[in-house]
Amino acid sequence: MAALTDSLPDSALTRLFAREVGVGRALWFSLPGGVSLYEAGEDADHFYLLRAGRLGAFRREEGHETQFLGVIRPGEPAGEMALIAGSPHSATVAALRDSEVLALTRDEFFRAVEEDPKVMTELARLMILRTRQSASGSVMGEPSVFGFIGVSPGLKVRPIVADIASRIGRIGYRVTIVGPEALQAPTEWFSNVEHDHDFVLYVADAEDLAWKALASRQGDRLFRVAQAGAPLPPALPDASSETLQAQQLVDLILVQSPDCAAPEGSEAWVSTLRPARLFHLRRGNGADADRLARVVTGQSVGLVLSGGGARAYAHVGAIRALHEKGVPIDFVGGVSMGAIISAGLAMGWDDPEMDHRIRQAFVETSPLDDIAFPMIAMTHGDKVRERLAEHFGDRRISDLWLPFFCVSANLTTGGYQLHRTGLVREALRATISLPGVLPPVTSGHDVLVDGAVVKNYPADIMRSIHLGPIVGVDVGRGRSIEAEDVEQPPSFWRWILSGEWRRGPPIVSVLIRSATVRAGPELAISHQATDVLIEPDVDMIEIRDWKAFDPAVEIGYATMRAALEGLSRPVTDLRRRASLDEIALRLTR
């Protein structure tokens with residue numbers, strides 16, 4: 001029975017299990033892919049060691065996106081913190097593929113460690129490491145094995161993956177591609193390949209039925225690869241990836257033509273395949289391939305932009321500074337005005353176009369001067385709706401070049417509404433519908449308003465979407481409203497004749513500021529999830545001063561540039577995992 005641990009890395013923990021297996025006290029069982037080892041909230045009554053396969057840890061909290069905490073690999077324990085603390089499990093652990101697990105009851109575990117104190121020392125180090133990683137927003141074991149599975153017949157996946165792999169190699173990692181030539185390889189061969197490389201990419205074309213089924217079960221995360229414009233599959237392509245699908249670990253890559261101006265029809269693919277994330281890859285486009293290399297290696301950059309009325313113009317300057325410093329932007333998300341600017345990035349607007357369109361939509365004439373009798377809101381909202389249609393047209397979120405999300409507040413459910421599909425302009429109309437200023441948006445039976453009401457800086461959502469660094473711009477924290485701001489104007493007619501009414505009455509500032517004042521644990525969690533956070537000092541800019549574009553942009557630019565210059569390494573390296581070669585070098589020093 002001790003042979004059950006022979007293939008595991010040598011450690012005090014595996015030696016303990018070898019002894020306990022030898023005397024028949026350790027349990028051995030298989031755990032089919034998709035089955036939970038334990039659920040969050042359950043009592044911790046066993047100590048587990050993974051013998052073979054892969055486990056994934058997940059945290060699911062009501063009102064929040066499911067957070068992927070990481071991968072547990074052979075030779076690593078599970079459930080140790082709750083067991084030692086005598087508390088229920090804080091996360092759910094499930095098999096990502098068919099796995100084999102060794103287990104000791106609580107009593108047997110504590111008896112065994114009394115005989116070998118080195119085990120507790122080893123576990124203490126591991127628990128400290130995992131706690132630090134959790135506190136920093138990192139995962140305890142990042143995905144390193146990926147499947148790239150063709151969906152469209154005739155699409156050759158290997159050349160696409162080879163291009164991505166070459167870029168991963170240039171970053172400094174050992175990477176290999178495994179195809180159908182390994183179909184008959186023994187289990188140990190796969191384990192050895194995964195052990196000897198930083199990243200293993202399993203590749204299968206749609207026609208490689210047997211190999212496709214096997215490769216789909218091997219990965220920590222899966223990419224389905226489809227040809228844009230090809231016929232849709234009648235349903236999910238295969239059952240072998242059901243485990244990863246259930247855990248939201250299956251993404252979709254849509255291969256576009258080299259001259260594609262804008263993707264089309266992507267939402268049908270999303271509806272059929274239900275991917276966690278969608279990426280567009282133009283053939284031969286180095287920037288798109290680089291992005292996927294960063295996604296695989298955990299070096300992709302997510303940008304989060306808060307709401308804040310006219311102060312959100314600072315986002316335009318911050319983006320300009322990021323571009324000047326060569327910081328890639330791979331995922332974008334935001335709230336209210338931050339969502340509009342994020343969506344512009346996802347549309348593919350460069351700096352001059354962003355500047356032109358934001359000026360045209362918000363600076364040249366006020367978006368809030370179609371005053372209405374305030375039965376539901378102070379304005380009709382027609383001007384805002386027209387401008388969104390002018391600049392975003394009928395583009396759908398799935399057809400944006402970058403993965404994008406925005407957030408609105410759902411007054412019907414009392415939570416937030418996450419927009420990742422549908423018309424861009426409709427999602428943006430919801431996220432900027434400040435209560436009392438713009439009429440709310442209805443979606444079915446739900447009533448949606450400005451996302452700042454519940455979540456003005458959604459970096460926690462960005463963290464649930466990708467593992468890499470997050471750059472954030474929060475303009476919702478500055479001082480805004482003072483006593484003199486809420487005094488009655490000295491003359492109503494002077495206010496009208498001066499043209500000040502076009503900015504909206506002073507109550508607009510009160511309403512915007514009321515929506516964007518966020519404090520407490522949720523904001524702390526979002527800020528903690530951010531690797532580069534700037535809070536531009538925009539106190540001098542009135543929150544409804546739509547003419548204050550240039551000063552706000554300059555403040556955002558200067559603040560972001562200073563933050564980037566203060567970094568000791570590139571943004572993409574802020575969460576960079578050490579390569580096997582780097583680890584080996586450290587051990588020889």
Side-chain angles (χ1 to χ4, degrees), residues 262-263 266-267 303-313 315-316 319 329 331-349 353-363 365-368 370 377 379-411 416-435 437-444 446-458 461-462 473 475-476 511-512 515-516 544 546:
S266 309
E267 199 147 302
L303 179 65
V304 181
L305 305 179
S306 76
R311 294 177 171 182
Y313 290 151
H315 298 324
V316 176
I319 292 167
I329 300 172
F331 296 82
V332 290
V335 169
S336 198
M337 274 293 290
I340 290 177
I341 295 169
S342 295
L345 269 178
M347 289 276 288
W349 298 349
E353 185 172 8
M354 178 75 76
D355 187 287
H356 170 73
R357 287 183 179 275
I358 296 300
R359 285 182 185 275
Q360 190 179 50
F362 294 95
V363 181
T365 59
S366 171
L368 299 178
D370 55 340
T379 68
H380 294 289
D382 292 338
K383 292 190 71 173
V384 169
R385 189 178 300 106
E386 290 167 2
R387 293 176 189 192
L388 292 176
E390 177 185 355
H391 293 283
F392 295 97
D394 290 329
R395 194 83 166 262
R396 306 191 78 84
I397 293 175
S398 298
D399 289 327
L400 295 175
W401 285 116
L402 298 180
F404 163 84
F405 73 86
C406 66
V407 176
S408 63
N410 190 319
L411 298 185
Y416 68 82
Q417 187 85 11
L418 183 60
H419 300 271
R420 296 186 68 186
T421 58
L423 284 169
V424 175
R425 56 182 166 82
E426 290 183 354
L428 296 179
R429 177 63 179 82
T431 191
I432 63 172
S433 295
L434 188 70
V437 177
L438 288 169
V441 169
T442 57
S443 176
D446 293 333
V447 177
L448 309 179
V449 298
D450 195 311
V453 172
V454 292
K455 191 181 284 288
N456 191 42
Y457 179 67
I461 295 177
M462 181 64 79
V473 186
V475 296
L511 292 171
I512 294 177
T516 56
R544 61 194 168 94
W546 304 107

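All values below come from the heavy atoms of this structure, side chains included, with hydrogens, waters and symmetry mates left out. Since the model is a prediction, treat every value here as computed from it, not as a measurement.
The side-chain heavy atoms of L448 and L411, taken from C-beta on, include no pair separated by under 4.5 Å. Counting heavy atoms from C-beta on, the side chains of I340 and L388 come closer than 4.5 Å. Residues P458 and F405 are in side-chain contact: their nearest non-hydrogen atoms beyond the backbone lie under 4.5 Å apart. Side chains of S266 and R396 form no contact here, defined as non-hydrogen atoms less than 4.5 Å apart. In this structure, M462 and P403 have side chains that are not in contact, with every pair of non-hydrogen atoms separated by 4.5 Å or more. Looking at heavy atoms from C-beta onward, I461 lies in side-chain contact with K455 at the 4.5 angstrom threshold. Counting heavy atoms from C-beta on, the side chains of L400 and V332 never come closer than 4.5 Å. For the pair S306/H315, a side-chain contact is recorded, criterion being any heavy-atom separation below 4.5 Å from C-beta on.
Between atom CZ of residue R420 and atom SG of residue C406 there is a gap of 11.5 Å, rounded to the nearest 0.5 Å. With rounding to the nearest 0.5 Å, the separation of CG in L402 from CG in L303 is 10.0 Å. Atom CG in D355 sits 11.0 Å away from atom OH in Y313 (nearest 0.5 Å). Interatomic distance, CZ of R385 versus CD of E426, reported as 10.0 Å (0.5 Å rounding). The distance from atom CZ of R387 to atom CZ of F362, rounded to the nearest 0.5 Å, is 7.5 Å.
Take E386 and apply the salt bridge (Lys or Arg N to Asp or Glu O under 4.0 Å) test, not counting sequence neighbours, and it matches no residue. When the side chain to side chain contact (heavy atoms under 4.5 Å, CB included) test is applied to E390, the partners found at least two apart in sequence or on another chain are Q360.
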E267 vs T421, side chain to side chain contact (heavy atoms under 4.5 Å, CB included): CA-CA, chis, key distance, verdict: CA-CA 7 Å; E267 199 147 302; T421 58; 4.0 Å; yes

Trace of the side chain to side chain contact (heavy atoms under 4.5 Å, CB included) decision for V407 with L418: CA-CA 5 Å; V407 176; L418 183 60; 4.1 Å; yes

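The shortest non-hydrogen separation linking W401 to M347 is CD1-O, 3.5 Å. The two residues N456 and G476 make their nearest non-hydrogen contact at ND2-CA, 3.9 Å. Annotation for A361 and H391: closest pair CB-NE2, 3.7 Å, computed over non-hydrogen atoms. The two atoms that bring S342 and G333 nearest to each other are OG-O, 3.2 Å, heavy atoms only. For A389 against R425, the heavy-atom pair with the smallest separation is CA-CD, 3.9 Å. Nearest heavy-atom pair across I341 and A312 is CD1-O, 3.4 Å.
Here the side chain of T431 pairs no donor or acceptor atom with the backbone of V335 at under 3.5 angstrom. The backbone N or O of D399 lies less than 3.5 Å from a partner atom in the side chain of R395, making a donor-acceptor pair. Side-chain atoms of S433 do not come within 3.5 Å of backbone N or O of P440 as any donor-acceptor pair.
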